Q: 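Starting off with a structure, shown below.
Computed from a predicted structure; not experimentally measured.
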Protein chains: 2
Amino acid sequence: MAKNKRPAMSPAETEVLRLVWQCQEATVQQVYDALPPTRKVAYVTVATLLRRLEEKGYLRHRVNGKAFVYTPAAKKEDVIRRTISDLVERLFGGNPVPLMQHLAQHSGMTDEDIERLKELAKKK
Amino acid sequence: MAKNKRPAMSPAETEVLRLVWQCQEATVQQVYDALPPTRKVAYVTVATLLRRLEEKGYLRHRVNGKAFVYTPAAKKEDVIRRTISDLVERLFGGNPVPLMQHLAQHSGMTDEDIERLKELAKKK
DNA sequence: TGACATATATGACAGATGTCATAGATTAGG
DNA sequence: CCTAATCTATGACATCTGTCATATATGTCA
């Protein structure tokens, strides 16, 4: 089993990667356009973030006309797993139950639902 | 409602804050000792992280003998909520369902359980 | 009270981050 | 084939991060 240690993504990079996933593949322009209006940043900034994501091994690109088309270079599932487990590690010492509880609490679940979740979690 | 925008914590800081929570209140030494063996870092480094957390408004300290005793300066619940919602924002564009699904998938839940979760999530 | 042990304060430093201005390459239209 | 429009490449720059070595302050106890 290959360890495949990619350098961690920064918050800004994470968001950009998500937008690429969303488009399946994307040019700088497409990511730029997909940015939520609450977070407008210069076109070149997006280009830089995409380039850095490629350096880190999360993306690759091919050329189409004069534009770069970026595509995922790592399995989305894996990236997500890593990101979440890092968070759980730092914030809860590795125990995912508090995270589930938190989510549960903020989505109208009953105590019973939570208990059930905890049970399930215990089973590995 | 006060916005109370504290600067975001870095990963290393997040872990240290968790250890303070764990001890309720803690000196540098206590946090240092509580570090998981996989992450041994110098005593002074811990001191620096605690100091920075205080600068950012997550901790405060009082003096006890020659030691500083750090205590939380922000509600743990709030900090956790913010941290998670930031992650959900960046990684899933603000939709918490994929996070629940992920957690579910990694704790032996059935598809039915997941459906139920999604329903619950939809209702707010 | 003086020396030792133990704390914190300083601040240094390389590398990461977030952001962009500007320069240089490329393509498409006229 | 030239020019305007559109891209990427460079690299700059202030901050933030992660980590410490050292200097300094302070409490302790023989």
Q: Reckon A:Pro7 touches a base, only the sugar-phosphate, or nothing at all at heavy-atom distances under 4.0 Å?
A: nothing
Q: Of the nucleotides D:dG18, C:dT6, C:dG18, which has the atom closest to the A:Ala12 side chain?
A: C:dG18
Q: Which whole-number value in Å describes the distance from B:Glu13 CD to C:dA16 C1'?
A: 14 Å
Q: B:Glu55 has an atom CD; how far is it from atom C1' of D:dT15, in whole Å?
A: 13 Å
Q: How do A:Gly65 and A:Lys40 order along DNA chain C: which one's closest nucleotide is nearer the 5' end?
A: A:Lys40
Q: If we check side chain to side chain contact (heavy atoms under 4.5 Å, CB included) with B:Arg82, which of these qualifies: B:Ile80, B:Val79, B:Asp86?
A: B:Asp86
Q: Between A:Val28 and B:Ala67, which is nearer to the 5' end of DNA chain D once each is assigned its nearest nucleotide?
A: A:Val28
Q: Write down the distance between CG (A:Leu49) and P (C:dT17), rounded to a whole number of angstrom.
A: 10 Å
Q: In whole angstrom, what separates B:Tyr32's OH from C:dT6's P?
A: 13 Å
Q: Does A:Tyr43 make a side-chain N or O approach to OP1 or OP2 of D:dT8 shorter than 4.0 Å?
A: yes
Q: Using a cut-off of strictly less than 4.0 Å, decide whether A:Thr48 has a side-chain nitrogen or oxygen near OP1 or OP2 of C:dT19.
A: no
Q: Measure from NZ or CZ of B:Lys40 to the centre of the six-membered ring of B:Tyr32, then state whether that distance is under 6.0 Å and the direction lies within 45° of the axis.
A: yes
Q: Same hydrophobic cluster for A:Val31 and A:Val44, using side-chain heavy-atom links shorter than 4.5 Å among ILVMFWY?
A: no
Q: If you count the non-hydrogen atoms of other residues, nucleotides and ligands that lie under 6.0 Å from CZ in A:Arg60, is the total more than 12?
A: no
Q: For D:dT6, take OP1 and OP2 only and decide whether either is under 4.0 Å from a side-chain N or O of A:Gln29.
A: no
Q: Does C:dA7 have OP1 or OP2 sitting under 4.0 Å from an N or O in the side chain of B:Arg51?
A: no
Q: Identify whether any heavy atom of A:Val44 sits under 4.0 Å from a base atom; if not, whether one sits that close to sugar-phosphate; answer base, sugar-phosphate or nothing.
A: base
Q: Just N and O in the side chain of B:Ser10: are any of them under 4.0 Å from OP1 or OP2 of D:dC16?
A: no
Q: Pick base, sugar-phosphate or nothing for A:Ala42, based on heavy-atom distances below 4.0 Å to the nucleic acid.
A: sugar-phosphate
Q: Take atom CG of A:Asn64 and atom C1' of C:dT26, then tell me their distance rounded to the nearest Å.
A: 13 Å
Q: Rounded off to whole Å, could you give me the CZ-to-C1' distance for the B:Arg39 and D:dC20 pair?
A: 13 Å
Q: Between the base of C:dT19 and the side chain of A:Arg52, is there a donor-acceptor distance below 3.5 Å?
A: yes
Q: Among D:dT10, C:dA5, D:dT17, find the nucleotide with the atom closest to the side chain of B:Lys66.
A: C:dA5
Q: C:dA9 C1' sits how many Å from B:Tyr70 OH, rounded?
A: 10 Å
Q: Heavy atoms only: give me the nearest B:Gln30-B:Glu25 pair and the separation to one decimal.
A: OE1-O, 3.9 Å
Q: Consider the side chain of A:Lys56, meaning its heavy atoms from C-beta on, and name the nucleotide among C:dT17, D:dG11, D:dT19 that approaches it most closely.
A: C:dT17
